[in-house]
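These notes concern the structure reproduced below.
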Amino acid sequence: MAFWAMLFFELWQRRQSVVAWNFDTLDALDQYEPVRPELARRVMDQRINTVTNTLEPYVPRWKKWMHGLLSLSVVSFMMFVVLAAVFGTVVYRMLVVVALYATSTTRQSFASQYATYITAITSAFLNLIVILILEKIYYRVAKWLTNMECPRSQTEYEKSLTWKYYIFEFVNCYSSLVYVAFFKGRIPPGYPGVKGWFNIPIDQCDQAGCIIELCIQLAVILLGKQIYSIIREAVFPLLSNWWSSQDLIKFFTHVRHFYRWEKDLQLRPFPPLSMFKEYSRMVLQFGFITTFGAAFPLAPLFALLCNLFEIRFDAYKILVIYRRPISQIAKNIGAWFEILQHLAQFAVVSNAFVIAFTSEFVPKMVYLLAFSPTRTMKGYTAWSLSAYKVSDFPEDIKPSNFGEGFNSTTICYYRGTRNGPEYSDELKYTYSMIFWHILAARLAMVLVVEHFILITTRIIAYMIPDLPSYLQARVLRQNFLAKEAFYESESKRISLVETQSDGTQITPSATAASLYPSIPSTSAAVSVAADPESM
């Protein structure tokens, strides 16, 4: 998936150039955009634009710095709010697991056997609700901050809003996934008889690892956000249009028949930042399927099905629910292009860490190649477990009810690579040499996978130019024709000025030849072509 993400990015650059050429926006420049009307209404200072040589409103540099500092402070505060919400979800997860085990009478009960999965599913839905609430709040905060900054053009406004919104969305949507993939059960490191921070139990992974919980978390967030967006952008506006049309029809149905334009007038106006939300949803989906695709292999399939439905749904939304949108000139997808670039690079690192640290691939390979006496996986389970002496349990956390057959047990085993109770007090229950062997192998795999994908994609990027060969030829041809038209118009203007000054008639071709001797005049080229004997 990481390799596909980098390849998709390179191919999208190529496709983007073709689309911009077809719409004649390949050479569009942002600095020639008109000033936003909101800026002219809110800003009183003016200065001369060096491009248009006219007065236009502007924001002093010190005000930009102050607004930027305010935006940075608010975004940082909202990130801390997201991390606090993730911490609350972690506490909920640990308390629910403890409650399920405490209320279970036997180890064979449903709550005891499936406590991990019940907790993972309920916490994932709780995290989804928190994500949607914070997303709604921060969108309004980001718009308010961007309006305070008073960007000059619409492109600058959307770029500033895009970066603010996506930085928050990245932390909001991916923080819980990063925690489950890389930190759960590892920070703080735990083993039997040890409590975590704030004297609460440590959030441990399932016996099969954290990959299943990561898959559940990713599936709930990915599909839940897609379903919520469909309900919010289609069902609610559709019901609103139906209700308003019913009221209008009931009031005027006895008067006359409605024309088409009157029915269209009852449609909802197209939201001004609707495309911004569409880009945000697609980029977030791209991040979900590429960054943690190794944990949920079916994520690309679900994303494809959702996008196929989204295409038809967007067509229905534009044609039936909303009024006709106003088109805008755009050279590319703006700041989202840079976000996709950084997200593709992050996906390479993330997938490498998921494979190396979250899955059991590396420990199994280490056992198979270095520790297995038969070069098979026989004995891997016993090798991956560590021993713990029951009498070493602290008194404050020792189980009150040991259960049937536990009173006669002296040694228990847990999942980990630590020294056993037979070592000295300094080395007892510390990391063993096997742990450091596995850690070195995991880091080596991360470096190998990351550099292999990056080098391969750099080679592919060098082999695939951003502009196709036929498009490069057309761009050069257009530039050549534009220069010739400029030379011709300048020669006509100069000849007209000289004619008015001295009263003599000078041909435009002669003037162009005298001004630009390296370019043959048009009349000379025509005369040479008409008289082949002179060649």
Side-chain angles (χ1 to χ4, degrees), residues 68-98 119-146 161-190 195-205 210-211 213-222 224-225 228 280-281 283-285 287-288 290-292 295-296 339 342-343 345-347 349-351 353-354 357-358:
L69 183 60
L70 175 63
S71 300
L72 180 61
S73 302
V74 174
V75 172
S76 302
F77 172 76
M78 294 300 297
M79 287 184 183
F80 281 113
V81 172
V82 172
L83 296 180
V86 173
F87 179 75
T89 307
V90 172
V91 174
Y92 163 82
R93 193 195 312 264
M94 293 183 291
L95 295 179
V96 170
V97 169
V98 172
T119 306
I121 295 174
T122 55
S123 63
F125 277 102
L126 179 62
N127 187 37
L128 175 63
I129 295 173
V130 173
I131 286 174
L132 296 177
I133 294 175
L134 292 178
E135 175 184 319
K136 194 73 174 179
I137 295 174
Y138 185 75
Y139 177 71
R140 298 180 181 273
V141 174
K143 287 184 62 177
W144 176 75
L145 291 174
T146 309
L161 179 62
T162 298
W163 278 108
K164 290 187 189 68
Y165 186 73
Y166 187 77
I167 289 174
F168 173 80
E169 280 289 273
F170 183 87
V171 179
N172 190 26
C173 295
Y174 299 148
S175 56
S176 59
L177 299 174
V178 171
Y179 166 75
V180 175
F182 306 125
F183 297 102
K184 184 178 180 180
R186 298 182 177 90
I187 298 178
K195 285 190 176 182
W197 293 327
F198 306 106
N199 203 27
I200 56 178
I202 297 177
D203 190 17
Q204 295 285 351
C205 295
C210 292
I211 197 74
E213 297 184 37
L214 181 61
C215 176
I216 294 173
Q217 188 87 8
L218 179 60
V220 170
I221 296 177
L222 176 63
K225 284 181 66 65
Y228 171 76
S280 175
R281 184 166 59 251
V283 171
L284 285 174
Q285 184 190 87
F288 282 134
T290 56
T291 307
F292 301 99
F296 187 30
I339 292 175
H342 296 306
L343 199 57
Q345 296 173 356
F346 177 74
V349 181
S350 175
N351 279 279
F353 272 94
V354 168
F357 284 87
T358 307

* Check step by step if side chain to side chain contact (heavy atoms under 4.5 Å, CB included) holds for W163 and I339. => CA-CA 8 Å; W163 278 108; I339 292 175; 3.9 Å; yes

* Asked: Does any non-hydrogen side-chain atom of V141 lie less than 4.5 Å from one of F168?
  -> no

* Mind checking what makes side-chain hydrogen bond (donor to acceptor under 3.5 Å, both in side chains) contact with S123, not counting sequence neighbours? -> R93

* Sequence-distant partners of N127, side-chain hydrogen bond (donor to acceptor under 3.5 Å, both in side chains), two or more places apart -> S176

* To do: Could you tell me which residues satisfy ring-ring contact (aromatic ring centres under 6.0 Å, His included) with Y179, sequence neighbours excluded, listed by chain and number?
  => none

Could you go through residues 69-85 and list every donor-acceptor pair under 3.5 Å that involves a side-chain atom there, pairing it with any protein atom two or more places apart or in another chain?
| unit_1 | atom_1 | unit_2 | atom_2 | d |
| --- | --- | --- | --- | --- |
| S71 | OG | H67 | O | 3.0 |
| S71 | OG | E149 | OE2 | 2.8 |
| S73 | OG | L69 | O | 2.9 |
| S76 | OG | L72 | O | 2.8 |

* Could I get the full list of side-chain contact (heavy atoms from CB on, under 4.5 Å) partners for F125, not counting sequence neighbours? => I121, V220

* Got a sec, which residues hit side-chain hydrogen bond (donor to acceptor under 3.5 Å, both in side chains) with Y228, two or more places apart in sequence or on another chain? -> none

* **Spacing of N351 atom CG and T290 atom OG1 [to the nearest 0.5 Å]** => 7.0 Å

* List for me each residue that meets ring-ring contact (aromatic ring centres under 6.0 Å, His included) alongside F288, sequence neighbours excluded, and say none if there are none. => Y174

* Side-chain contact test, heavy atoms from C-beta onward, threshold under 4.5 Å: evaluate it for L343 versus Y166 and give yes or no. => yes

* Asked: So, for F346 and F170, is the gap between ring centers shorter than 6.0 Å?
  -> yes

* Asked: Under the side-chain contact (heavy atoms from CB on, under 4.5 Å) test, which residues partner V96, sequence neighbours left out?
  -> Y92, L100, T119

* Structure fact -> What one should report as the nearest heavy-atom pair of C173 and I221 is O-CD1, 4.1 Å

Return all side-chain donor-acceptor pairs below 3.5 angstrom for residues 129-140, not counting sequence neighbours, or 'none' if the list is empty.
| unit_1 | atom_1 | unit_2 | atom_2 | d |
| --- | --- | --- | --- | --- |
| E135 | OE1 | K225 | NZ | 2.6 |
| Y138 | OH | K164 | O | 3.0 |

* Structure fact -> Correct closest heavy-atom pair for T291 and S350 would be O-OG, 2.8 Å

* Approximate separation, where rounding is to 0.5 Å, of Q217 CD and T89 OG1 -> 8.0 Å

